[in-house]
Amino acid sequence: MQLTEAHERCRESLIWAIGQIQGPIDESQMGQLDNIAELIIQTMTGTWRYFHTPEHIFEVGGSKDPIEVLAALFHDMVYVQVDQGINLNISSYIAPFIREVKSQLTIRPSTDLPQNRLFDIVITIFGFSPSQTLSPFSGQNEFLSAVIAALCLNSFLSESVIAEISACIEATIPFRPKLESGLTANDLLCQRLTLANQNFNFGWTEEKIIDVVKRSVRLANRDVENFAAPNSAHFLDNTWNLMPETNHELSNANSYTVAGYRRSMQKMEGFMNFLKPDLVFQQFMGEPDDLTYNEMITNTQKNLEVARLYLGIKVVTIAILEALSYRLGQTIPVSTMMGELPTPGIITPTLEQFLPEVKNPYPPQNSLEVEVLELLAKGRSQDSPYDIKNSPVATFIIKAIGYDEMKRLLSISKDFFAGNMSPEEFITYCNPYVIETIVSGVLKLFESRANSFRGFNPAVKLELSR
């Protein structure tokens, strides 16, 4: 989506949603809305944004509920891990309330906080308190995004509506388990909304509070709906878009290192094995209904199983390449070992060209292995800026060794990554045919590069140019 198109769509979303809630916007306020739209789009198109982009906030917001639309526009404004800090233009909104202490963001103590009812509303809904140290993994980004939303929308909306928007943003804090008491994050949100209603005199009924939580759950589930994608290839596409947000080395398409790529694969494989479907999607008092919720959980379980097996093979593949790369040096680019990514109009050799078809390949033993092999061989739905969609080297390896051997090597690979064995020792655990074939392929790749210089005489080129 082009920047101007995103800005215009954001502006129109703001105009529509605010108009639906409070009535038509005064012409004198249009300039302020333009500035808010610019602030949102500038932040969402930051250097490291690959997944959390304008397209994402428009998808999450939908087009039916104005409060959902507004909450979605603001819910990812702050993403410290991705942006490597906080954008200067949005930091001015939160600086009066937040300070940095030993590289961590902390809510200012009560004696240092300005009197601001909007901030008090947001902090109540999130259950945070003065002097609290914020964590990127426990609502920091969502809390600060909600503060920005409240301050930006103050001129247009009532405090009670801003509270509803804040509740939606709070619900997007991901992957929260039940407490030992059995209470869910949504039960706690309901309690805090009840407290906010009392403290700030919103005049909500109990039914209204329940509806606010239900809407929040609806938005939060849409924020992570990719996990329940009916097509595993689409799920993996978005997974690949997430990785360069936390590993910025990947943005340098043909220069990121073998070890850097491996860290991304290893981190994502670990995350997928940690995650459980019931941590991804939420349900509160019939929102969503049981049929819809169970379908979400079923699809998520299937996608996680595919991702775990797929990423496990990718981790083993990059482990072999990393172990071999140490013979050349400590920080060898992936492109050195495998060739450069395809570029329109330019043909360069790749490792794939020098790998033979595997005779008598290990056949998949179940539908999951069949699907993963197809994803490796044919590819995800689309290429990413830093990687091709198919995995020819991984396909060669899994056909040559089978899934059982791959799982054994995955465990050994993690010992290698942890420094518990040398690259040479790790190679001794690997299938000799695989190692010999990949080494031979890399040597042929190097030879093809060397051949491009053979017969080259710069003096002749210079003479011809005269």
Side-chain angles (χ1 to χ4, degrees), residues 49-52 56-57 59-60 71-72 74-83 105 125-128 132-146 166-192 213-229 232 234-243 245-247 264-284 287-288 292-308 310-311:
R49 299 283 184 131
Y50 286 81
F51 178 83
H52 296 94
H56 175 67
I57 59 176
E59 289 171 1
V60 171
F74 286 93
H75 83 287
D76 278 333
M77 287 284 283
V78 175
Y79 213 136
V80 173
Q81 308 96 293
V82 173
D83 297 328
L105 298 181
I125 289 172
F126 275 75
F128 291 174
Q132 179 175 332
T133 298
L134 300 175
S135 166
F137 308 105
S138 301
Q140 167 189 277
N141 298 327
E142 293 81 4
F143 171 66
L144 298 179
S145 297
S166 298
C168 282
I169 297 175
E170 194 279 343
T172 65
I173 301 172
F175 313 133
R176 291 180 285 181
K178 287 183 179 180
L179 300 180
E180 290 185 5
S181 64
L183 293 176
T184 67
N186 297 308
D187 295 327
L188 298 177
L189 176 60
C190 191
Q191 292 177 3
R192 293 195 297 269
V213 179
K214 285 184 175 181
R215 178 199 289 119
S216 301
V217 167
R218 189 163 57 243
L219 179 101
N221 284 343
R222 206 155 51 235
D223 190 29
V224 292
E225 66 182 358
N226 168 63
F227 280 91
S232 297
H234 293 156
F235 171 64
L236 289 173
D237 282 337
N238 284 314
T239 301
W240 249 244
N241 285 335
L242 280 168
M243 284 192 283
E245 288 196 336
T246 53
N247 184 354
S264 290
M265 293 297 111
Q266 185 183 8
K267 186 175 180 181
M268 189 59 73
E269 190 265 349
F271 172 68
M272 291 297 179
N273 277 282
F274 148 79
L275 201 56
K276 303 293 185 291
D278 60 358
L279 292 180
V280 178
F281 289 102
Q282 307 175 37
Q283 188 181 38
F284 180 79
E287 176 58 51
T292 302
Y293 179 73
N294 290 334
E295 184 179 1
M296 289 175 170
I297 296 298
T298 299
N299 287 350
T300 300
Q301 181 63 46
K302 191 251 187 178
N303 284 332
L304 289 177
E305 289 172 358
V306 169
R308 289 164 187 161
Y310 180 89
L311 286 163

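FYI, the numbering just counts along the sequence from 1.
- Ring geometry for Phe227 against Phe235 counts as tilted: the plane angle lies between 30° and 60°, on a 0 to 90° scale.
- The residues Arg192 and Glu170 are annotated as salt-bridged, a charged nitrogen and a carboxylate oxygen being separated by less than 4.0 angstrom.
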Stepwise side-chain hydrogen bond (donor to acceptor under 3.5 Å, both in side chains) check, Asn303 with Thr300: CA-CA 5 Å; Asn303 284 332; Thr300 300; 5.8 Å; no
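- A heavy-atom distance below 4.5 Å is not found between the side chains of Cys168 and His75.
- Rounding to the nearest 0.5 Å gives a distance of 6.5 Å between CZ of Phe126 and CD of Glu142.
- The line from CE of Met296 to CD of Gln301 is 16.0 Å long, rounded to the nearest 0.5 Å.
- Under the 4.5 Å side-chain criterion, counting only non-hydrogen atoms from C-beta, Ser216 is not in contact with Asn186.
- Between His56 and His52, the ring-plane angle classifies as perpendicular under the 30° and 60° cut-offs.
- Of the inter-residue distances, the one linking Phe74 atom CZ with Ile169 atom CD1 reads 8.0 Å to the nearest 0.5 angstrom.
- In summary, the side chains of Gln81 and Asn141 do present a donor paired with an acceptor at a separation below 3.5 Å, with no hydrogens or angles considered.
- Side-chain contact between Asn221 and Asp223 is absent, with no heavy-atom pair separated by less than 4.5 Å.
- The shortest distance between side-chain heavy atoms of Leu144 and Leu105 falls below 4.5 Å.
- In terms of the side-chain contact (heavy atoms from CB on, under 4.5 Å) criterion, residue partners of Ser138 (sequence neighbours excluded) are, by chain and number, Ser135.
- With respect to the salt-bridge test (charged N to carboxylate O, under 4.0 angstrom), the residues Asp76 and Arg49 do not qualify.
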